[in-house]
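Following: one structure in structure tokens, then a few remarks.
As the structure is a prediction and not an experimental result, all values here were calculated from the model.
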Amino acid sequence: MFIEQFISKIKSRPNGFYRFLYNLGYFIRTFRIPFIKPIAAVLYYERMFRHTAWITFKKVFYYEPILRYRCESIGENLRLESTPPLIMGYGRIIMGSHVHFSDGVNLIVGGKVYDDPILTIGDNSYIGYRNIISCFKSVTIGNNCLLAEGVKIYDNVSHPLDPEARRRREPPTKENVSPVVIEDDVWIGSDCIILKGVRVGRGSVIGAGSVVTNDVPPFTVAVGNPAKVIKEVGKQ
């Protein structure tokens, strides 16, 4: 109580003593050293080098070995921007070569519905910032796929539709789980949701914020909620 009253008097400045304390605090808050560009450059690059070296050390000697232990197989040149994905569940994870993970990725490979759920990520694919992949049976992401930030992929409905079953914390039934396949060279925009049973065809693009509830043909662009094809893209 005494501290709060003292701070209140400093703010209200009823006399010269408290005005002095107020002005002193203002000076401390606003004090800046002269800007000298060469010194600032040294500080900037020192911090960048130190930060990069520490992050690289953790990735090489700590994070990557942990991730490789947890996965059934990972190809060469795995790239982690910083921390590894958070993996929940007991299922199998298979990754190709040159797979690139951004930060904040969640991989849920389990669900207590099927005994051997499997998540497969192909060569040279990018899993973006804060992606969520929920695999109760099978999710397959092909080669050269780009998943932008906030993408969510579910081969399940997460919880039973029956409220009584939800109260009992039961998993969804097998009828509410169906594999998801993202074929090669697919680009999925920011904050898209791919729902159970969907196949996104090769070379397709899913526009940002779309909710994909049905198959998307190869070499097309689909947008909206629910996502609909709006045009074709060139085949190579």
Side-chain angles (χ1 to χ4, degrees), residues 1-71 74 77-89 95 98-108 121 124-134 141 145-154 158 187-194 205-211 223-225 227:
M1 194 67 177
F2 170 78
I3 301 261
E4 286 79 2
Q5 291 175 349
F6 182 68
I7 293 173
S8 177
K9 286 184 177 181
I10 292 176
K11 291 180 178 179
S12 61
R13 291 163 281 173
N15 57 44
F17 173 70
Y18 289 107
R19 281 195 297 273
F20 168 77
L21 292 179
Y22 180 88
N23 292 333
L24 178 62
Y26 180 81
F27 172 78
I28 294 172
R29 286 201 314 270
T30 58
F31 175 77
R32 297 293 183 274
I33 63 172
F35 173 69
I36 303 173
K37 193 169 184 178
I39 295 177
V42 170
L43 296 174
Y44 173 81
Y45 286 108
E46 181 277 332
R47 181 186 184 279
M48 186 172 67
F49 174 79
R50 176 168 43 82
H51 178 75
T52 302
W54 177 238
I55 291 296
T56 301
F57 177 83
K58 288 193 294 184
K59 287 190 295 186
V60 172
F61 294 101
Y62 187 61
Y63 293 144
E64 184 172 332
I66 291 173
L67 182 58
R68 286 186 177 276
Y69 173 80
R70 173 59 185 81
C71 296
I74 298 178
N77 294 325
L78 171 70
R79 181 179 175 189
L80 303 175
E81 288 185 6
S82 180
T83 57
L86 172 63
I87 301 175
M88 295 177 282
M95 299 184 200
H98 305 280
V99 174
H100 180 174
F101 281 97
S102 186
D103 289 344
V105 175
N106 284 6
L107 305 179
I108 304 164
I121 301 174
N124 202 39
S125 286
Y126 173 77
I127 310 300
Y129 179 64
R130 288 191 174 178
N131 277 198
I132 296 175
I133 301 174
S134 178
I141 298 171
C145 291
L146 299 175
L147 278 59
E149 65 178 39
V151 169
K152 299 176 178 63
I153 299 174
Y154 301 91
S158 297
W187 173 21
I188 302 178
S190 300
D191 298 314
C192 288
I193 301 175
I194 313 297
V205 178
I206 310 299
S210 298
V211 178
V223 300
N225 180 9

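- Taking NE2 of His98 as the start and CG of Asn77 as the end, the distance is 4.5 Å to the nearest 0.5 Å.
- Results of the side-chain hydrogen bond (donor to acceptor under 3.5 Å, both in side chains) test with Ser102 over Arg79, Glu81, Arg130, Glu149 single out Glu81 as the only residue that passes.
- Here the CG atom belonging to Leu67 is positioned 5.5 Å from the CG atom belonging to Leu78, to the nearest 0.5 angstrom.
- Residues Phe57 and Tyr62 have side chains not in contact (no heavy-atom distance under 4.5 Å, counting atoms from C-beta outward).
- Heavy-atom contacts from other residues, nucleotides or ligands closer than 6.0 Å to OH of Tyr18 number more than 12.
- For the side chain to side chain donor-acceptor pair (under 3.5 Å) test, no residue two or more places apart in sequence or in another chain qualifies with Thr83.
- Shortest non-hydrogen contact noted between Ser190 and Ala148 is N-CB, 3.5 Å.
- Taking OH of Tyr126 as the reference point, atom CG of Leu146 lies at 9.0 Å (rounded to 0.5 Å).
- Shortest non-hydrogen contact noted between Leu80 and Tyr63 is CD1-CB, 4.0 Å.
- Residue Met95 holds its CE atom at 4.5 Å from CD1 of Ile121, rounded to the nearest 0.5 Å.
- Taking both residues in full, the closest heavy atoms of Leu147 and Asn131 are given as CB-OD1, 3.2 Å, listed atom of the first, atom of the second, then distance.
- Here the side chains of Asn225 and Ile193 are not in contact, with every heavy-atom distance at 4.5 Å or above.
- For the residue pair Gly128 and Val105, the shortest heavy atom distance occurs at O-CG2, 3.4 Å.
- Nearest heavy-atom pair, Lys9 versus Pro14, reported as atom, atom and distance to 0.1 Å: O-CD, 3.1 Å.
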Show which side-chain atoms of residues 33-54 pair as donor or acceptor with protein atoms under 3.5 Å away, not counting sequence neighbours.
{"unit_1": "Glu46", "atom_1": "OE2", "unit_2": "Arg50", "atom_2": "NE", "d": "2.8"}
{"unit_1": "Thr52", "atom_1": "OG1", "unit_2": "Met48", "atom_2": "O", "d": "2.8"}

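- Counting only distance, with no hydrogens or angles, the side chain of Asn106 and the backbone of Pro85 share no donor-acceptor pair below 3.5 Å.
- Atom CZ of residue Arg32 and atom OG1 of residue Thr30 lie 7.0 Å apart, to the nearest 0.5 angstrom.
- Side-chain atoms of Asn23 never come within 3.5 Å of backbone atoms of Tyr26 as a donor-acceptor pair (strictly under, hydrogens ignored).
- Of all the heavy atoms in Gly224 and Ser210, the pair that sits closest is N-OG, 3.0 Å.
- Looking only at side-chain heavy atoms (C-beta outward), Ile141 and Ile153 come within less than 4.5 Å of each other.
- Between the CD1 atom in Ile132 and the CD1 atom in Ile194 there is a gap of 13.5 Å [rounded to 0.5 Å].
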